[in-house]
Amino acid sequence: MILASAHAERLEGGAWIARRQEPSDYWIGVHSGLIKLAIYNASGRSCTLSGVPPGGWFGEGSVIKRELRKYDVAAIQPSLVMFVPSETFHALLESSLPFTGFVIRQLNNRMGEFIASIQNSRLLDVDARVAQSLAQLFNPDLYPDTGRTLAISQEEVGLLAGVSRQRINQALQNLERLQILRLSYNQIDVLDLERLSAFGQEQI
C-alpha cells in the first residue's frame with residue numbers, strides 16, 4: 001500500500017518542497033540531503049523552525065488534523081524527498097499499532113525540539129545557538145541516520161541557525177578551537193557530541 005501510493009522527488013538546493021497555507025496532502029521524509037522548516041513574512045524575513053537531515057520525517061501534526069500547513073519547507077541541499085499521501089498515512093494510523101506508536105513518539109520529540117528552539121533563540125548567545133542548531137540534527141529519535149560527519153557548508157549552517165555567514169564562520173571556529181568539531185570544505189566532523197549538545201546550556 002505504501003509503495004504503491006508514495007513517491008519520491010529529487011530537488012535542487014533552494015527548491016520549495018511545500019508552502020505555508022497550502023493543504024497538508026503529504027507526510028514528508030528525507031532520504032538524502034538537508035531541508036529546513038521555516039516561516040517567511042511578506043518582506044522576505046524568515047524564522048527557521050528546524051532542519052531535517054536524512055532519515056527524518058515531518059508534517060504528521062498537520063496531516064493528522066487535515067489542516068493547512070503552518071510553515072514553508074525548502075531544500076537547503078540537493079535532496080531526495082519522499083511523499084506519503086495523507087490518506088495512506090491515515091490508513092496506517094488506523095490499522096497499525098507500531099506505526100501509531102512511532103507517530104506519537106515523533107510528535108512528542110518534535111514538540112520538545114520546537115520548545116528548545118524557542119528557548120535557544122531567546123536565551124543563548126550566537127555561538128551557543130549555532131552549537132544547538134547542529135546538535136538538533138543528532139536527535140536519535142527524530143533523525144536516526146545522522147552520522148558524526150555532516151556534509152554541510154557554513155552558509156547552510158547559517159540558514160539553520162538564522163545567523164549571518166560571517167558570524168557563522170566565527171562561531172564554528174570557536175567550536176573548533178574547543179575541539180568540539182573539526183571543519184573542512186563543506187563538511188563538519190563532530191568530535192564530541194556530548195559537549196556540542198551541552199554547549200551554552202549554562203546560559204539557561
Side-chain angles (χ1 to χ4, degrees), residues 29-30 33-41 45-61 70-77 101-204:
V30 181
L34 180 67
I35 68 173
K36 74 169 182 174
L37 318 181
I39 296 174
Y40 295 82
N41 65 14
R45 294 184 61 191
S46 68
C47 171
T48 298
L49 304 175
S50 177
V52 184
W57 290 85
F58 65 91
E60 53 279 338
K70 295 186 177 298
Y71 46 80
D72 295 295
V73 185
I76 292 179
Q77 301 173 350
F102 173 83
V103 171
I104 290 172
R105 292 190 297 274
Q106 183 89 351
L107 288 167
N108 184 52
N109 277 284
R110 184 72 68 194
M111 178 62 69
E113 182 185 59
F114 285 159
I115 290 172
S117 295
I118 294 171
Q119 168 186 276
N120 294 342
S121 67
R122 295 181 180 178
L123 299 178
L124 300 184
D125 62 27
V126 174
D127 286 4
R129 278 166 39 207
V130 171
Q132 291 305 312
S133 293
L134 289 172
Q136 283 186 343
L137 300 178
F138 292 90
N139 183 319
D141 296 309
L142 288 172
Y143 315 124
D145 294 342
T146 304
R148 292 298 180 95
T149 297
L150 294 173
I152 187 171
S153 69
Q154 294 190 21
E155 181 180 2
E156 291 163 349
V157 177
L159 291 172
L160 290 179
V163 178
S164 70
R165 172 70 169 78
Q166 182 178 4
R167 188 60 183 86
I168 277 289
N169 180 265
Q170 182 182 344
L172 291 174
Q173 287 185 0
N174 290 340
L175 292 170
E176 185 175 42
R177 275 193 293 271
L178 294 169
Q179 298 184 332
I180 294 174
L181 51 79
R182 181 173 55 241
L183 303 175
S184 55
Y185 181 71
N186 286 348
Q187 181 174 300
I188 295 175
D189 296 306
V190 176
L191 305 177
D192 193 328
L193 181 56
E194 184 176 350
R195 289 176 65 203
L196 181 71
S197 301
F199 191 87
Q201 294 305 297
E202 72 279 357
Q203 299 174 27
I204 298 174

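- The distance from the CG atom of L123 to the OG atom of S121 is 8.0 Å, given to the nearest 0.5 Å.
- Interatomic distance, T149 OG1 to I188 CD1, rounded to the nearest 0.5 Å: 10.5 Å.
- For residues 129-150, there are no salt bridge (charged side-chain N to carboxylate O under 4.0 Å, His left out) pairs, not counting sequence neighbours.
- The shortest distance between side-chain heavy atoms of L137 and L150 falls below 4.5 Å.
- The side-chain contact (heavy atoms from CB on, under 4.5 Å) search around I180 returns L175, L178, R195, L196, F199, not counting sequence neighbours.
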Worksheet item: Under the side-chain contact (heavy atoms from CB on, under 4.5 Å) criterion, do L181 and L183 qualify, and how do the steps go?
Response: CA-CA 7 Å; L181 51 79; L183 303 175; 3.6 Å; yes
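- For E155, there are no side chain to side chain donor-acceptor pair (under 3.5 Å) partners two or more places apart in sequence or in a different chain.
- Identified under the salt bridge (charged side-chain N to carboxylate O under 4.0 Å, His left out) test for residues 172-194, with sequence neighbours left out: R182-D189.
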Discussion item. One pair to check against side-chain contact (heavy atoms from CB on, under 4.5 Å): I39 and T48. What are the steps and the verdict?
Written reply: CA-CA 7 Å; I39 296 174; T48 298; over 6 Å; no
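- Residue-environment remark: CD (E202) exceeds the threshold of 12 foreign heavy atoms within 6.0 Å.
- In this structure, CD on Q119 lies 7.0 Å from CG on L124, to the nearest 0.5 angstrom.
- Rounding to the nearest 0.5 Å gives a distance of 6.5 Å between CD1 of I76 and CD1 of I152.
- The distance from atom OG of S164 to atom CD of Q170, rounded to the nearest 0.5 Å, is 9.0 Å.
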Worksheet item: Can you list the steps and then say if L37 with D72 is a side-chain contact (heavy atoms from CB on, under 4.5 Å)?
Response: CA-CA 6 Å; L37 318 181; D72 295 295; over 6 Å; no
Practice prompt. Start with the C-alpha gap between Q106 and L142, add the side-chain angles, then the distance that decides, and say whether side-chain contact (heavy atoms from CB on, under 4.5 Å) holds.
Written response: CA-CA 7 Å; Q106 183 89 351; L142 288 172; 3.7 Å; yes
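- Residues passing the side chain to side chain donor-acceptor pair (under 3.5 Å) test with N169, sequence neighbours excluded: Q154, Q173.
- Checking side-chain atoms of N109 against main-chain N and O of R105 turns up a donor-acceptor pair under 3.5 Å.
- For Y40, the ring pair (Phe, Tyr, Trp, His ring centres under 6.0 Å) criterion is met by W16, not counting sequence neighbours.
- In this structure, the side chain of Q132 does not engage the main chain of N120 through any donor-acceptor pair within 3.5 Å.
- For R167, the side chain to side chain donor-acceptor pair (under 3.5 Å) partners two or more places apart in sequence, or in a different chain, are D127.
- Residues meeting the side-chain contact (heavy atoms from CB on, under 4.5 Å) test with V30, sequence neighbours left out: I35, V52.
- With sequence neighbours excluded, the residues that form a side chain to side chain donor-acceptor pair (under 3.5 Å) with Y143 are S50, R110, E113.
- Of all non-hydrogen atoms in K36 and L159, the two that sit nearest each other are NZ-O, 3.8 Å.
- At least one side-chain heavy atom of L134 sits under 4.5 Å from a side-chain heavy atom of L172.
- Residues satisfying the side-chain contact (heavy atoms from CB on, under 4.5 Å) criterion with L107, sequence neighbours excluded, are E60, I64, V103.
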